[in-house]
Amino acid sequence: MRILVLSDVHGNLEALEAVLADAGSWDALWFLGDLVGYGPDPVACIDRLQVLAAVALAGNHDWGVLGRIPLHTFNPAARRVLEWTREQLPPRQVEYLMGLPPQTEREGLTLTHGSPRAPIWEYILDPYTAWENIQALPTRIGLFGHTHVAVAYHAPDREKPRLHILEPRYDEPIDLASGWWLLNPGSVGQPRDGDPRAAYAILDLEAMTWTFRRVPYPIAETQAKMRRLGFPSFLIERLAYGE
């Protein structure tokens with residue numbers, strides 16, 4: 001069973017379509033949260049993922065647009081786009097977002113947006129936080145998003161505090177057969193690891209492998225839409241740098 005794993009689309013339709021075109025055939029799509037926020041096409045992105053995703057989670061920006069998180073907790077640029085996004089979503093899409101959980105289990109894996117112990121807000125950005133969340137995993141393998149950085153954390157033994165950090169080697173499968181894992185596919189719509197290409201991953205449940213993937217998309221088209229809508233320049237320019 002070949003799973004297409006996506007996270008953090010953030011209303012970037014051009015990036016999403018590039019990923020779907022690049023991914024090849026797959027048996028199921030798992031989405032790890034944040035359909036909206038930052039980007040200019042929230043309605044189109046929700047419509048696309050709602051049809052395709054076998055599993056979809058809510059992220060902090062999704063909760064922000066729903067009012068489940070106060071908007072003052074977001075930075076001013078993010079808050080401005082979330083306020084705009086609220087005005088764009090039809091009731092059917094609000095209802096869809098309302099029904100998305102922040103965490104679930106599928107095929108013996110834990111899927112979460114932020115982290116296993118704090119699904120909406122916690123960022124796993126360092127070895128200590130990764131180790132603490134490996135301890136909290138109810139399954140041997142966990143998938144997460146939220147950080148916009150593709151990475152794999154591997155603990156050979158949960159009884160010994162030893163952690164391997166695997167930075168992406170694209171198109172090279174990682175063997176998941178042993179140990180405990182936390183895996184982040186990176187962000188489709190707004191990468192923050194210095195690489196502006198859309199990020200995603202392929203999970204092969206039969207071979208038990210994880211493969212990081214990257215694909216370019218027409219960033220200038222997304223930026224042009226954002227400029228026409230008067231979005232903050234900071235959000236527009238960062239797409240070109242992957243920051």
Side-chain angles (χ1 to χ4, degrees), residues 3-13 15-16 19-20 23 28-39 41-71 73-75 78-79 81-82 85-86 89 93-107 109-125 129-130 133 136-139 141-153 182-193 198-201 203 210 212:
I3 310 296
L4 172 57
V5 184
L6 312 181
S7 192
D8 297 277
V9 168
H10 283 296
N12 189 333
L13 185 62
L16 176 58
V19 165
L20 294 173
L29 189 158
W30 293 356
F31 177 66
L32 304 179
D34 273 353
L35 265 169
V36 304
Y38 298 126
D41 286 304
V43 172
C45 288
I46 293 173
D47 277 344
R48 198 78 165 100
L49 261 296
Q50 185 173 2
V51 172
L52 295 175
V55 179
L57 303 181
N60 57 305
H61 284 256
D62 304 319
W63 274 23
V65 84
L66 295 173
R68 289 179 169 171
I69 296 175
L71 288 186
T73 60
F74 293 86
N75 69 61
R79 181 167 64 247
V81 177
L82 285 174
T85 300
R86 279 183 175 177
L89 300 187
Q93 292 196 335
V94 172
E95 182 180 2
Y96 173 69
L97 292 181
M98 290 285 286
L100 300 182
Q103 185 164 297
T104 191
E105 290 187 23
R106 287 293 189 279
E107 303 292 338
L109 285 75
T110 300
L111 282 61
T112 190
H113 179 66
S115 76
R117 66 179 181 179
I120 285 291
W121 268 119
E122 185 174 34
Y123 289 88
I124 302 176
L125 286 167
T129 307
N133 275 282
L137 267 177
T139 60
I141 298 172
L143 311 183
F144 70 103
H146 194 39
T147 68
H148 298 213
V149 176
V151 69
Y153 296 99
L182 281 172
L183 304 164
N184 188 327
S187 172
V188 172
Q190 195 188 92
R192 293 180 186 165
D193 55 5
Y200 69 102
L203 172 66
W210 172 273
F212 288 108

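What you are looking at is a predicted structure, and each value in this text was computed from that prediction instead of being measured. Note that the numbering runs from 1 along the sequence shown for the chain.
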- Item | Separation of L29 CG from L6 CG (nearest 0.5 Å) | 4.5 Å

- Note on the structure: Rounded to the nearest 0.5 angstrom, the CZ-CG distance for R48 and L20 is 5.0 Å

- Task: Kindly indicate whether the side chain of D8, heavy atoms from C-beta on, has any atom under 4.5 Å from the side chain of Y38.
- Result: no

- With side chains defined as the heavy atoms from C-beta onward, is the minimum distance between P185 and L203 less than 4.5 Å? no

- Message: Donor-acceptor pair, distance only, cut-off 3.5 Å: does the side chain of H10 make one with the backbone of G37?
- Response: yes

- Query: Side-chain contact, heavy-atom cut-off 4.5 Å: T129 with Y123?
  - Reply: no

- Query: Looking only at heavy atoms, what is the nearest atom pair of D193 and A150, with distance?
  - Reply: OD2-N, 4.2 Å

- Rounded to the nearest 0.5 Å, what separation is found between the CG atom of N184 and the OG atom of S115? 11.5 Å

- Note on the structure: Here the pair of heavy atoms bringing F74 nearest to I69 is CE1-CG2, 3.8 Å

- Query: Quick one: does Q103's side chain get under 4.5 Å of T110's, heavy atoms only?
  - Reply: yes

- Query: So which heavy atom on P116 is nearest to which on L182, and how close?
  - Reply: CG-CD2, 4.2 Å

- Query: Any side-chain heavy-atom pair from L52 and F31 closer than 4.5 angstrom?
  - Reply: no

- Message: For a 4.5 angstrom cut-off between non-hydrogen side-chain atoms, does L82 reach H61?
- Response: yes

- Query: In Å, rounded to the nearest 0.5 Å, how long is the span from CD1 of I46 to OH of Y96?
  - Reply: 8.5 Å

- Task: Check P102 against L57 and note the closest heavy-atom contact, atom names and distance.
- Result: O-CD1, 3.7 Å

- Message: Restricting to non-hydrogen atoms, name the atom on V43 and the atom on Q93 that form the minimum distance, rounded to 0.1 Å.
- Response: O-NE2, 2.9 Å

- Message: Quick one: does any side-chain atom of D62 pair with a main-chain N or O of V36 as donor and acceptor, under 3.5 Å?
- Response: yes

- Query: Under a 4.5 Å cut-off applied to non-hydrogen side-chain atoms, are L32 and V5 in contact?
  - Reply: yes

- Task: Using the six-membered ring wherever Trp is involved, compare the ring planes of H146 and W121 and label them parallel, tilted or perpendicular (cut-offs 30° and 60°).
- Result: perpendicular

- Task: Evaluate the side-chain proximity of L89 to L97: yes if any heavy-atom separation is below 4.5 Å, no if none is.
- Result: yes

- Sidechain-backbone polar pair: R86 side chain, V65 backbone, donor-acceptor under 3.5 Å: yes

- Backbone N or O of N12 within a donor-acceptor pair of the D41 side chain at under 3.5 Å? no

- Query: Going by atom types alone, do N133 and E122 pair a side-chain donor with an acceptor below 3.5 Å?
  - Reply: yes

- Task: Taking all heavy atoms of L183 and all of A152, pick out the closest pair and write down the distance.
- Result: CD2-CB, 3.5 Å

- Message: Quick check for you: to the nearest 0.5 Å, what is the distance between T139 atom OG1 and E107 atom CD?
- Response: 12.0 Å

- Could you give the distance from CD (E95) to CG (L100), rounded to the nearest 0.5 Å? 11.0 Å

